[in-house]
Colleague: 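Could you have a look at this structure, given as structure tokens, before my questions?
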Amino acid sequence: MKLELFGFETCPFCKVVRAEIAAQGRTDVTEYDIYKDDEAYRRLITVGGKEQCPCLFVDDKPLYESAEIIRFLKEHPQA
């Protein structure tokens with residue numbers, strides 16, 4: 001499963017998701033800062049359809065809302 005998190009450094013909801021990733025000790029989530037990486041920003045808009053962060057792409061399918069992302073991560077622990 002390919003997991004990619006799109007967000008930005010000062011986003012409070014992104015911080016909550018990153019804290020959960022750290023708490024789980026996950027190393028399977030690739031993070032992109034949409035304000036530091038133009039290609040990541042374009043991909044978020046093109047694939048995800050909107051600028052909302054955080055957004056977790058699960059095998060290139062967007063998942064929005066920090067609570068939903070955290071629930072997904074808890075239900076799908078790193079193998």
Side-chain angles (χ1 to χ4, degrees):
M1 177 171 19
K2 182 178 172 185
L3 301 175
E4 300 171 289
L5 181 66
F6 292 78
F8 56 96
E9 189 175 336
T10 58
C11 168
F13 301 105
C14 299
K15 288 179 181 182
V16 170
V17 172
R18 285 195 305 269
E20 179 62 31
I21 291 168
Q24 290 185 21
R26 295 187 81 117
T27 58
D28 62 338
V29 181
T30 303
E31 294 186 37
Y32 298 95
D33 188 317
I34 64 165
Y35 292 145
K36 294 180 180 177
D37 183 340
D38 291 337
E39 179 58 33
Y41 177 79
R42 283 191 296 276
R43 190 157 165 247
L44 173 65
I45 300 300
T46 302
V47 178
K50 54 186 172 179
E51 190 178 333
Q52 182 178 337
C53 289
C55 178
L56 181 69
F57 282 9
V58 179
D59 293 330
D60 294 320
K61 293 181 180 137
L63 178 62
Y64 295 97
E65 302 298 335
S66 56
E68 293 298 318
I69 293 170
I70 289 169
R71 183 174 310 128
F72 176 86
L73 293 171
K74 286 181 176 180
E75 290 174 356
H76 299 87
Q78 184 172 348

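From a predicted model like this one, the values you see are computed outputs, not experimental measurements.
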Colleague: Where do Glu51 and Tyr41 land on the side-chain contact (heavy atoms from CB on, under 4.5 Å) test, with the steps shown first?
Modeller: CA-CA 8 Å; Glu51 190 178 333; Tyr41 177 79; 3.1 Å; yes
Colleague: Determine, step by step, whether Phe72 and Leu3 satisfy the side-chain contact (heavy atoms from CB on, under 4.5 Å) criterion, reporting the C-alpha distance in whole Å, the side-chain angles of both residues, the deciding distance to 0.1 Å, and the verdict.
Modeller: CA-CA 11 Å; Phe72 176 86; Leu3 301 175; 3.8 Å; yes
Colleague: When rounded to the nearest 0.5 angstrom, what distance separates OG1 in Thr46 from CD in Glu39?
Modeller: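 Between atom OG1 of Thr46 and atom CD of Glu39 there are 8.0 Å.
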Colleague: Under a single-linkage definition using a 4.5 Å side-chain heavy-atom cutoff for Ile, Leu, Val, Met, Phe, Trp and Tyr, are Leu56 and Ile21 assigned to the same hydrophobic cluster?
Modeller: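 Yes; Ile21 is reachable from Leu56 via cluster members.
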Colleague: Check whether Ile45 and Tyr35 end up in the same hydrophobic cluster, where Ile, Leu, Val, Met, Phe, Trp and Tyr are linked by side-chain heavy atoms less than 4.5 Å apart.
Modeller: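 Yes, because Ile45 and Tyr35 connect within a single hydrophobic cluster, where side-chain heavy atoms sit under 4.5 Å apart.
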Colleague: Return the minimal non-hydrogen interatomic distance between Val47 and Pro62, and the atom names on each side.
Modeller: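 Reported closest heavy-atom pair: O-CG, 4.3 Å.
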Colleague: Any carboxylate oxygen within less than 4.0 angstrom of a Lys/Arg side-chain nitrogen, looking at Lys61 and Asp59?
Modeller: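 Looking at Asp59 together with Lys61, the answer is no, because their closest N to O distance does not fall below 4.0 Å.
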Colleague: Report the distance from atom CZ of Arg26 to atom CD of Glu20, rounding to the nearest 0.5 Å.
Modeller: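 Going from CZ on Arg26 over to CD on Glu20, the span is 9.0 Å.
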Colleague: Are Phe8 and Phe57 grouped together when hydrophobic residues (ILVMFWY) are joined by side-chain heavy atoms under 4.5 angstrom apart?
Modeller: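 In one cluster: yes.
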Colleague: I need the Thr10 OG1 to Lys15 NZ distance, nearest 0.5 Å.
Modeller: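 One finds 6.5 Å between OG1 of Thr10 and NZ of Lys15.
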Colleague: Ignoring hydrogens, what is the shortest heavy-atom contact between Arg43 and Asp60? Give both atom names and the distance.
Modeller: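 That would be NH2-OD1, 2.6 Å.
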Colleague: Let me check something: do Tyr64 and Val16 share a hydrophobic cluster, defined by ILVMFWY side-chain heavy atoms less than 4.5 Å apart, either directly or through other members?
Modeller: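 No; tracing contacts between hydrophobic side chains, which count when under 4.5 Å, never links both residues.
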Colleague: Say you draw a straight line from SG of Cys53 to CD1 of Ile34; how long is it, rounded to the nearest 0.5 Å?
Modeller: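 Cys53 atom SG to Ile34 atom CD1 measures 3.5 Å (nearest 0.5 Å).
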Colleague: When clusters are formed by joining ILVMFWY residues with side-chain heavy atoms under 4.5 Å apart, either directly or through shared neighbours, do Met1 and Leu73 land in the same one?
Modeller: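 They do share one cluster, since a chain of ILVMFWY contacts under 4.5 Å joins Met1 to Leu73.
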Colleague: Assess whether atom CD of Glu9 is packed by more than 12 heavy atoms of other residues, nucleotides or ligands within 6.0 Å.
Modeller: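 Not more than 12 within 6.0 Å, no.
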Colleague: For the residue pair Phe6 and Ala40, what are the closest heavy atoms and their distance?
Modeller: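 Closest approach of Phe6 to Ala40: CE2-O, 3.5 Å.
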Colleague: Nearest heavy-atom pair of Pro54 and Leu5: which atoms, and what distance?
Modeller: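 Taking Pro54 first and Leu5 second, the nearest heavy atoms are CB-CD1, 4.0 Å.
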